[in-house]
Amino acid sequence: VQAWLLPRIDTLAGRHWFGAIGGWLPSAVHAFGFALLSAAVLPPTGPARFVACASWAAIDVGFEFGQHPLVAPHLAAWLVGAPARYFERGTFDPADVAAAALGAALAAALLWHVRPQEENVDAP
């Protein structure tokens with residue numbers, strides 16, 4: 001299987017570009033990036049930004065569990081076309097579940113760290 005936008009490089013065949021973390025890094029980056037993108041369009045105060053982080057963690061974890069051998073055949077039978085193939089051909093990996101949760105948690109931590117001054121409970 002070859003990704004659409006990545007060139008085929010024979011010397012890298014069968015290996016991840018980022019070594020040992022290359023297997024689960026996309027899951028972490030996806031949850032992190034989409035949580036931050038979602039938070040960017042939400043009000044800068046209140047809990048909505050953190051709900052976005054939790055939502056992306058749930059979405060990513062849900063799609064990962066959808067690839068589990070006990071779940072994938074049922075989803076594939078219910079879906080058609082490309083969505084069905086995603087679950088049929090995907091591989092469940094607990095490391096991806098952990099990475100998605102970690103990515104969303106890091107996004108939430110970053111949002112907490114850069115929260116607006118009016119939300120800063122530490123301000124005098």
Side-chain angles (χ1 to χ4, degrees):
V1 178
Q2 182 178 353
W4 288 350
L5 299 176
L6 294 177
R8 178 169 171 78
I9 301 172
D10 290 331
T11 58
L12 295 175
R15 294 190 290 180
H16 294 290
W17 283 20
F18 294 101
I21 66 169
W24 55 265
L25 184 63
S27 296
V29 171
H30 185 270
F32 180 79
F34 276 90
L36 291 180
L37 285 171
S38 298
V41 299
L42 294 170
T45 59
R49 297 165 297 157
F50 302 105
V51 171
C53 294
S55 297
W56 277 107
I59 289 167
D60 284 8
V61 168
F63 270 86
E64 191 62 34
F65 274 108
Q67 297 175 72
H68 193 280
L70 297 176
V71 179
H74 302 290
L75 284 175
W78 184 63
L79 300 167
V80 294
R85 286 191 300 275
Y86 173 82
F87 293 110
E88 287 175 330
R89 297 178 185 172
T91 304
F92 173 78
D93 185 357
D96 286 337
V97 172
L102 177 65
L106 288 173
L110 178 63
L111 290 170
W112 178 258
H113 181 70
V114 297
R115 64 192 183 277
Q117 185 65 27
E118 56 268 15
E119 277 193 358
N120 193 344
V121 294
D122 302 329

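- Taken to the nearest 0.5 Å, the CZ atom of F32 stands 5.0 Å off from the CG atom of L110.
- Note: L25 CG to D96 CG = 10.0 Å, rounded to the nearest 0.5 Å.
- Side-chain heavy atoms closer than 4.5 Å link hydrophobic residues (I, L, V, M, F, W, Y) into clusters, and following such links, possibly through other members, connects V114 to L106.
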Expected list for residues 72-88: side-chain donor-acceptor pairs under 3.5 angstrom, two or more places apart:
| from | atom 1 | to | atom 2 | distance (Å) |
| --- | --- | --- | --- | --- |
| Y86 | OH | Q67 | NE2 | 3.1 |

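- Take V97 and apply the side chain to side chain contact (heavy atoms under 4.5 Å, CB included) test, not counting sequence neighbours, and it matches V61, E64, F65, F92.
- Under the rule for a side chain to side chain contact (heavy atoms under 4.5 Å, CB included), the partners of A57 that lie at least two apart in sequence or sit in another chain are A104.
- In terms of modelled atom types and a separation under 3.5 Å, the side chain of R49 and the main chain of A40 share no donor-acceptor contact.
- Shown here for C53 and L111, the closest heavy-atom pair between the two residues is SG-CD1, 3.7 Å.
- Under the side chain to side chain contact (heavy atoms under 4.5 Å, CB included) criterion, A95 pairs with W24, D93, sequence neighbours left out.
- The minimum heavy-atom distance linking A100 with A31 is given by the pair O-CB, 3.3 Å.
- The side chain to side chain donor-acceptor pair (under 3.5 Å) analysis of residues 28-39, with sequence neighbours excluded, yields the pairs H30-D60, S38-W56.
- Here A105 pairs with nothing under the side chain to side chain contact (heavy atoms under 4.5 Å, CB included) rule; sequence neighbours left out.
- Clustering ILVMFWY residues whenever any of their side-chain heavy atoms sit less than 4.5 angstrom apart, transitively, puts V71 in the very cluster that holds F63.
- A continuous path of ILVMFWY side-chain contacts below 4.5 Å connects L102 to W112, so both sit in one hydrophobic cluster.
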